[in-house]
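Each remark here refers to the structure printed beneath this line.
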There are 2 protein chains.
Amino acid sequence: MTEQSVSQGARRGRARRGEGERLREELLAAAATLLREGGEPALKVRAVAAKVGVSTPAVYLHFRDKADLIDAVCLRAFAGLEREMLDAATGSDDPFQALRLRAAAYAHFALNHAVEYQLLMAPRSGQARSDLAGDAAQALLDHLVAAVQPCVDAGVMRGDVRELTLGIWAAMHGCVTLMLSRPELPWGRDPAAFAEHVGRMSGLGTALLSRIEGVSETPPSSKTFARVLDAAGRKLGST
Amino acid sequence: MTEQSVSQGARRGRARRGEGERLREELLAAAATLLREGGEPALKVRAVAAKVGVSTPAVYLHFRDKADLIDAVCLRAFAGLEREMLDAATGSDDPFQALRLRAAAYAHFALNHAVEYQLLMAPRSGQARSDLAGDAAQALLDHLVAAVQPCVDAGVMRGDVRELTLGIWAAMHGCVTLMLSRPELPWGRDPAAFAEHVGRMSGLGTALLSRIEGVSETPPSSKTFARVLDAAGRKLGST
DNA sequence: TGTACATCAGTGAACGCGCGTTCACTGATGTAC
DNA sequence: TGTACATCAGTGAACGCGCGTTCACTGATGTAC
């Protein structure tokens, strides 16, 4: 009764001799589904096994422990993110435009793989962080750097690429994180559109800031900002 | 043996007749300390009681349950954040500058109250979210709106204030969140300085983007951006 | 072509522990008379 | 001014359950001879 209340999967047949790996795939898929449906706390070893239609200890045939299972799920999710970002790049040959597309792909992925994204980005509560997540973050940064570098080369931005990238990344990350954790805030009808807005905002801000950082000791007044930005806006709009 | 291994607080004397509230304060302080030292998983009812030097059930004399205790801790932290942001405002009468100062105060608070901040901003894992956190987020947004509104009034930004604010907030939130969860990334020597960088970046980006959004159908090329931004940067630097 | 044997792919039941929470009690402190 | 009584501020011990993990077993599938 107690155990059955979790179970959803039909009794599945046992795999043939060399096909043990099949169960591993099914477990991963079930775990991902559980995460999507109920968030991290829904990912219980018992639940994963039940969803596949297999006994609980069978999970340990393919994963050392629960953390190992979670790692595997994250690894898959991350591979998906990498693929989407690479695909997004092959749309435009204009560097700034390409950056925008990648940022949009990033947001798209995060919003559609909420829990995996959070699992990858936020340290696993209470556990010693597996270095998997750290590696993923580093790889992600490298990806983004590869998108920002052409902007620097094209003269849209100046300065240290990693620093520029981190700022843009932070903005995108904050946007999707806040959207996921506080959906009740006024994001408008289309979350993806808002994320794109933030992507453009951070790109433009980074480009402009990289030109004036450290130039003048006392920052310009609001009036000056308004005047100069008005001119810039007009020029950008009229082209 | 098992229970004692947690205990740190000396045996404290029992409060006088009307002074029962004293324990409540001590429990809150102990909980905050535990959070700071060991993160959310370190916040155990037993540990809080032991730290104060009181038996575990004594906690339930002042808090309905664990969630109630956490709520109270968050409420305090949030009050601190509100105070710091208000204080930060009283430094400059230039709207854009004031916004920068508030953003810096925001980052400062988040970096120094990491766990409380995350507790407030991220939904409590697995639990039905108490509306406290939701209310706090709303209040925070209102605070930030109050800082952005003068920028709109002064003509530095245009458009819907809440939308502008959300973008800037998202950037700041992402910055501190990423710093807290991935300290190994190359943030430079001074995290607060980087957070300020992101604050300026988002402010500038928002201001510029609010002038060109929806203006031209096809976005300008990287070359155009570079040229226009160069001119704007020169003008801002020479004032 | 049959038969013993290794091994693969699992299962049922239970262990064990961390941790929030409750129960029944206790000793000190003030108050009514 | 003493004494019975209410109540406040706690305590010690245990309950109970969720959940990861392990133990000892089992039946099907292929392989050696």
Side-chain angles (χ1 to χ4, degrees), chain A residues 1-7 9-27 30-31 34 38-73 124-128, chain B residues 1-7 9-27 30-31 34 38-73 124-128:
Chain A
M1 177 68 87
T2 59
E3 184 88 353
Q4 266 69 358
S5 65
V6 180
S7 110
R11 216 97 203 120
R12 53 155 250 153
R14 165 212 227 78
R16 306 292 289 272
R17 202 62 182 279
E19 301 172 0
E21 289 300 290
R22 211 184 72 200
L23 177 55
R24 185 189 159 88
E25 296 304 307
E26 292 178 40
L27 289 170
L34 283 170
E40 193 178 355
L43 191 71
K44 294 165 192 170
V45 177
R46 285 173 156 81
V48 173
K51 186 147 201 124
V52 171
V54 100
S55 77
T56 310
V59 174
Y60 293 86
L61 258 37
H62 296 279
F63 302 96
R64 195 159 27 76
D65 52 20
K66 190 188 180 183
D68 190 31
L69 169 63
I70 296 182
D71 273 1
V73 173
R124 209 100 87 261
S125 65
Q127 319 200 35
Chain B
M1 176 71 84
T2 59
E3 184 89 354
Q4 266 69 357
S5 66
V6 180
S7 111
R11 215 98 203 119
R12 52 155 250 154
R14 167 212 227 78
R16 305 292 287 274
R17 202 62 181 279
E19 300 172 0
E21 289 300 291
R22 212 185 71 200
L23 178 55
R24 185 190 160 88
E25 296 304 307
E26 292 179 39
L27 288 170
L34 283 170
E40 191 178 355
L43 191 71
K44 293 161 190 172
V45 177
R46 283 172 157 83
V48 173
K51 187 148 200 120
V52 171
V54 100
S55 76
T56 310
V59 174
Y60 292 87
L61 257 37
H62 295 279
F63 302 96
R64 195 157 27 73
D65 51 20
K66 190 187 180 184
D68 190 29
L69 169 63
I70 296 182
D71 273 1
V73 173
R124 208 103 84 260
S125 65
Q127 320 199 34

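Here is the naming used below: chain letters follow the sequence lines, and residue numbers restart at 1 for every chain. All figures in this text were calculated on a predicted structure; none of them were measured in a lab.
H62(A) pairs with exactly one of L23(A), L69(A), D68(A) by the side chain to side chain contact (heavy atoms under 4.5 Å, CB included) rule, that one being L23(A).
In terms of heavy atoms, S55(A) sits closest to A49(A) at O-CB, 3.6 Å. Across A47(A) and A42(A), no two heavy atoms sit closer than the pair CB-O, 4.1 Å.
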- Task: Between protein and nucleotides 20-26 of chain D, map the contacts as a letter string: B base, S sugar-phosphate only, - none, heavy atoms under 4.0 Å, written 5' to 3'.
- Result: BBB----
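Atom CZ in F63(A) sits about 20 Å away from atom P in dC19(D), given to the nearest Å. Computed from coordinates, the E21(A) CD to dA9(C) P distance equals 9 Å when rounded to whole Å. Distance R22(B) CZ to dC8(D) P: 17 Å, rounded to the nearest Å. The interatomic distance linking L27(B) (CG) with dA9(D) (P) rounds to 13 Å, in whole Å. For L61(A) and dG12(C), the CG to P distance is 14 Å, given to the nearest whole Å.
For DNA chain C, each stem of at least three Watson-Crick or G-U pairs (distances under 3.5 Å) is given as range with range: C:2-33 with D:2-33.
Not counting sequence neighbours, R24(B) has no partner by the salt bridge (Lys or Arg N to Asp or Glu O under 4.0 Å) test.
Considering only heavy atoms from C-beta on, V45(B) comes within 4.5 Å of Y60(B) through its side chain.
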